[in-house]
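Read the structure below first, then the notes.
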2 protein chains.
Amino acid sequence: MEMVARLAGVSQVSVSRALNHPDKVAPETLARIQEAIRATGYVPNLVAGALASRRSGIIAALIPSITNLTYSSFLRPFIEATRLAGYQVILAETGFSPDDEQIMVQSLLSRQPEGMLLTGVHHSSECRRMLLGSGLPVVEVWDESETPIDVCVGFSHWEAGRAVARYVQKKGYTRAAVITAGDMRALRRKDAFAAELTSLGYPSPPVVSFDTPASIANGRDGLKQLLENGFSNGVISCSSDLLAHGVMIEAQARGLTIPGEIAVIGFSDQDFAAHTFPSLSTIRVDRLSLGRRAAEALLARIAGKPAETRRVDVGFEMIERESA
Amino acid sequence: MEMVARLAGVSQVSVSRALNHPDKVAPETLARIQEAIRATGYVPNLVAGALASRRSGIIAALIPSITNLTYSSFLRPFIEATRLAGYQVILAETGFSPDDEQIMVQSLLSRQPEGMLLTGVHHSSECRRMLLGSGLPVVEVWDESETPIDVCVGFSHWEAGRAVARYVQKKGYTRAAVITAGDMRALRRKDAFAAELTSLGYPSPPVVSFDTPASIANGRDGLKQLLENGFSNGVISCSSDLLAHGVMIEAQARGLTIPGEIAVIGFSDQDFAAHTFPSLSTIRVDRLSLGRRAAEALLARIAGKPAETRRVDVGFEMIERESA
DNA sequence: ATGAAAGCGCTAACAT
DNA sequence: ATGTTAGCGCTTTCAT
């Protein structure tokens, strides 16, 4: 910066100003400085800038899994929206473990981020304490909370589970089952589904639960297990479209008709859900909007705006297609 | 840090030492300092540390798309491996655009990263120039290059395309077609496939190419287009497992048998490929190993080790399953 | 083994 | 509109 300044015949401060507050520099000086920057190929040092200004321009994001579309599909618009606001994102993967999450939060905090995105609302108490104590703007996404750390953008997994149960009744199915991943939010939907079914007069549905990440393989295996345990002629509610797709493939391999013999409902409306054969009935969650609104909410908090709305509900929608 | 020092009855420097070089501090003093850190809830400021030490502990990673498993599946082990070495990753998404990539590289460079991961080997010349000029350790992945910027970990897309063609011949198919995404690497495989087929005496295969991201919907549409143009009783080489899966679904919807009437070959062996019905023949690329080795290579360069191997070929493998 | 001094490259008051 | 001065919170010599 000193070099650029000499080349432009100004002081080093003026270069800094030209970069950060170009309106506070005479147009002609500005041009000279910009030319000098070009000539020298000067690259500003944001680390030094961050230290001096106490604004790191960094946002930390923690998601359970990068390779899981559920999460990467809201992370993408989040990164994009924060980038347009001048922020860069440091990403960490928690693998669904609150303990690892806590360690990562701690380590990320030392980067002096200006905000943080957390997936879900279940964190270790130490983690909550650190975040609360730091006063850092935090947005929790993909779930809803009565007591968010700061702001929360998501939807009610409980209500989503109930909505599926009501849909099952509306469509007149008499038998129902569940195939689910083992994460807290999926299990909550499963519990709500079972509770609502029961209150509608159904027997408690058989449940197959997997601790491994949701996959087509698990979906196939899940249907196999249900059939072996005597399940037939009913609807299966899956905790993800991927599991549902697996169920469809297994049904097809066994020559079972869908939705005639086995009906299937997915969750989240991934882009392929409309294009399976038959097309997949599912719960749609607008992850693009969720990512954007999470960014908006966090940026507002960083800008110091009062958090009038600490809880944003992006809702969900039951999508009726052919599979159930 | 000053506070911690006072509490432990030492100087601020000793606290810094206790954190960075614990072996250079008397065990008893170390214990006192650690206790003081715990008591105060002190969180080190890595921004200041980075400025003073000139080591940011940051690695920048650029991938075309976060929501595309092709890329996120090598990014994951890369992030994990670099994390274990004490680094944090700033992620940026280029959307397949070399121009955007260049802008992002420039903006990322000002974070003083210690290394950078780039996807592919095709970059704007300005981008290459900046990186070369900066002397920053760079690893280019998912492709191979005669002239890497620094080090390169990938495989030959040309050879992969040829391998598929030879497989097609070996299996005795007489008609072949291609459905491909529009990115440079997929197109290169397509060209190699067509060239090899031709040299084996086949006619030039019909090609359907999509500019949108590979998807099941595109796969279905691709088969539809091929059939409308008179293609039948042959094998279709797809640039991704997702496209291949779409082809299988469309075939099923039309009552075409696989591989009898339509045979399908995918690319990359995503986890579902072994679990479709019928299972999907494909080219396997070990993305876990690729991510790890990219991290290894980059960390070695950061550690200043001479780059004896500037080019690492992780290879690929033709996986024979039922679909072709 | 520990401390004192200097400075990393920049920004934010405060002058002029 | 521009420059001067004083740090930001740490790490790194260098001394003791």
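Numbers restart at 1 for each chain; the letters A, B, ... are given by sequence-line order, proteins then strands.
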- Residues of residues 17-29 of chain A with any non-hydrogen atom less than 4.0 angstrom from an atom of DNA chain D: list those, numerically ordered, please. A:Arg17, A:Lys24, A:Val25, A:Ala26, A:Thr29
- Query: When you list every nucleotide of DNA chain D with an atom under 4.0 Å from a heavy atom of chain A, which one comes first 5' to 3', and which comes last?
  - Reply: D:dA1 to D:dG9
- For DNA chain D, which residues in residues 31-58 of chain A have a heavy atom at a distance below 4.0 Å? A:Leu51, A:Ala52, A:Arg54
- Message: Salt bridge check, A:Glu126 against A:Arg129: does any charged N sit closer than 4.0 Å to a carboxylate O?
- Response: yes
- Query: Hey, what do you get for NE2 (B:His157) to CZ (B:Arg188), rounding to the nearest 0.5 Å?
  - Reply: 9.0 Å
- Do A:Asn68 and A:Thr70 meet the criterion of a side-chain donor-acceptor pair at a distance under 3.5 Å? yes
- Task: Examine the side chains of A:Glu101 and A:His123 and answer whether a donor and an acceptor come within less than 3.5 Å of each other.
- Result: yes
Got a list of side-chain donor-acceptor pairs under 3.5 Å for residues 15-26 of chain B, not counting sequence neighbours?
residue, atom, partner, partner atom, Å
B:Ser16, OG, B:Asn20, ND2, 3.4
B:Asn20, ND2, B:Ser16, O, 3.0

- Message: Under the side-chain contact (heavy atoms from CB on, under 4.5 Å) test against A:Val141, which residue among A:Tyr71, A:Phe74, A:Phe78 passes?
- Response: A:Phe74
- Do any N or O atoms from the side chain of B:Glu144 and from the backbone of B:Gly154 form a donor-acceptor pair under 3.5 angstrom? no
- Regarding A:Arg111 and B:Gln88, is there a side-chain donor-to-acceptor distance under 3.5 Å anywhere? yes
- Message: Under 4.0 Å from a heavy atom of chain A: give me the 5'-most and 3'-most nucleotides of DNA chain C that qualify.
- Response: C:dG9 to C:dA12
- Using a heavy-atom distance cut-off of less than 4.0 Å, which residues of residues 7-15 of chain B contact DNA chain D? B:Gln12, B:Val13
- Message: Working to the nearest 0.5 angstrom, can you tell me the gap between A:Arg292 CZ and A:Thr82 OG1?
- Response: 13.0 Å
- Using side-chain contact (heavy atoms from CB on, under 4.5 Å) as the criterion, point out the one residue from A:Thr147, A:Asp143, A:Ile149 that pairs with A:Ser145. A:Thr147
- Could B:Glu80 and B:Arg76 be called an ion pair, given the rule that one side-chain N must be under 4.0 Å from one carboxylate O? no
